[in-house]
There are 2 protein chains.
Amino acid sequence: MTEPGLIELDPSVPSPVGTLTDRLFDALQRAIVEGEMPQGSKISEPELARRHGVSRGSLREAIARLEACKLVERKPNLGARVVELSAEQLIEIFQLREALEGMAARLAAEAMSDAEIDALGALLEQHGQQIEQEQGQAYFQKQGDLDFHFRIVQGSKNRQLIELLCEDLYHLLRMYRVQFGMRSKRSRQAFEEHQYLLSALRSRDPEMAELVMRQHVRSSRRNLEQALT
Amino acid sequence: MTEPGLIELDPSVPSPVGTLTDRLFDALQRAIVEGEMPQGSKISEPELARRHGVSRGSLREAIARLEACKLVERKPNLGARVVELSAEQLIEIFQLREALEGMAARLAAEAMSDAEIDALGALLEQHGQQIEQEQGQAYFQKQGDLDFHFRIVQGSKNRQLIELLCEDLYHLLRMYRVQFGMRSKRSRQAFEEHQYLLSALRSRDPEMAELVMRQHVRSSRRNLEQALT
DNA sequence: TTTGCATGAGGTGTTGACACTTTGCTTGCG
DNA sequence: CGCAAGCAAAGTGTCAACACCTCATGCAAA
């Protein structure tokens, strides 16, 4: 009954965007990050495939991508397991971040447009108000922290950096945050450091931007190391 | 006729180590890096599967891993292509290296054992002799350069760094080297810089090690930028 | 001649089934 | 009673076939 040249847009079925494997990957990534699939739990391909109503082939491709993101580990003939998060690995990731985001800040100081920097300033102002009003809401702060770092990385305009941090590492980080229930009390100090970084960007000072960002990430790491021992 | 408890080791059939997808991945990775599959060339799944004598399912899993390594790009319903290498991307990769290997050197200055540092010194001595004798053989030098950097990264003892650099980025780098036919004339200077780094490691000076490594990578990048314009 | 649509071939996305490996349990022997 | 060999069930690795999409070729109409 549908006109052959017309496209049906049914809002109740939210456009099946992308391939089936893509959607599976997104769903599983979210499930793992949110902790719905516990750390170290075994992944049974037949069961998962049945629960999601797809075939094992598609599922296996999605799992392969998850493996590339370091969210699952697979051993030949033994199957896949959700990664086990250790304090050591978290430290290692923060060392990575110190190097990568430091470089991102350095590049951003030259590559970001004035408009982007202004938008970043607006975001920070908003964060400041949130801190004033609801000091208990550490969750939003954490999300805001990631937003801030996200924009710096985007501002570097370095595609390698962007993909590496935004499509792999940040998901891992969110997973740690959710599962360790991390809600640090340095939100005020972090907010100040963010403002220092904004100043460095406004001054178009790459050296200073990198220095501040590295110090910022390093402080977070030290704070973690203390909390984890 | 074979003893049930004995394992047959037939040298003519070089031990089918790992899964079929693993071997396919290795073979394709090599083929792409060596340039046997030209940049930007389309990958026809049926044809490749037939040429390697495997099914499309296994091949697709291997391709998915190659995509994670940034060696191929895939668009839904359009298929996979070998990546196109651009000068801009190469620059971006060197910016990544500056940050990552700088951090690796910093960590290595504290984490490497004395024995590892001594072995590194021996390797450098060997490189020095090669430079004296056969100055035309830039190929071995390049391989040697990668060996050197490889050991530093291993020495950082940071698993995230090691996997990221040694299992993904260095393959991309080798691809650029092979396909751009890069044989720089800074091998003597690079050799000197390697020796400075060794000194910093021997002194157990993380700050200095990072500084020297970053300067080293930055010099390579500048040299490239000049050669590519 | 040019534009537009239909049609076919090739290729990708997805599926269900088969073969081999691992694992836990059972069974028989020391 | 303990232990090793073997057996069965579940799970992974691999394959061949089906469904849908894309692109190119050719035909028809303006």
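Residue numbering restarts at 1 for every chain, and letters A, B, ... go by the order of the sequence lines.
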Under a criterion of less than 4.0 angstrom to any heavy atom of chain B, what are the 5'-terminal and 3'-terminal contacting nucleotides of DNA chain C? C:dG11 to C:dT14
With sequence neighbours excluded, tell me which residues meet salt bridge (charged side-chain N to carboxylate O under 4.0 Å, His left out) with B:R221. B:E98, B:E225
How would you list, by chain and number, every residue that makes a side-chain contact (heavy atoms from CB on, under 4.5 Å) with B:E110, sequence neighbours excluded? B:P206
Partners passing ring pair (Phe, Tyr, Trp, His ring centres under 6.0 Å) against A:F25 (at least two apart in sequence or in another chain): none
May I ask you to decide whether B:E45 forms a salt bridge with B:R60, counting only side-chain N to carboxylate O separations under 4.0 Å? yes
Just report the end-to-end axis angle for the helix from C:dT1-D:dA30 to C:dG30-D:dC1, five pairs per end, to 10 degrees. 0°
Using side-chain contact (heavy atoms from CB on, under 4.5 Å) as the criterion, list what pairs up with B:S113, not counting sequence neighbours. B:A115, B:E116
Once salt bridge (charged side-chain N to carboxylate O under 4.0 Å, His left out) is applied, do any residues pair with B:E167, and if so which ones, sequence neighbours excluded? none
What pairs with A:R97 under salt bridge (charged side-chain N to carboxylate O under 4.0 Å, His left out), at least two apart in sequence or on another chain? A:E101
Could you write nucleotides 6-18 of chain D as a row of B, S and -, 5' to 3', where a protein heavy atom under 4.0 Å of any base atom gives B, of only sugar-phosphate atoms gives S, and otherwise -? -----SBBBB-B-
Would you please name every residue forming a salt bridge (charged side-chain N to carboxylate O under 4.0 Å, His left out) with A:D26, sequence neighbours left out? none
Under the side chain to side chain donor-acceptor pair (under 3.5 Å) rule, what pairs show up with a residue in residues 74-88 of chain A, not counting sequence neighbours? A:R74-B:E61
Would you be so kind as to tabulate the donor-acceptor pairs closer than 3.5 Å made by side chains of residues 36-43 of chain B, with sequence neighbours excluded?
from  : atom 1 : to     : atom 2 : distance (Å)
B:E36 : OE2    : B:R30  : NH1    : 3.2
B:E36 : OE2    : B:R30  : NH2    : 3.3
B:Q39 : OE1    : B:L85  : N      : 3.1
B:Q39 : NE2    : B:Q179 : OE1    : 3.2
B:S41 : OG     : B:P38  : O      : 2.8

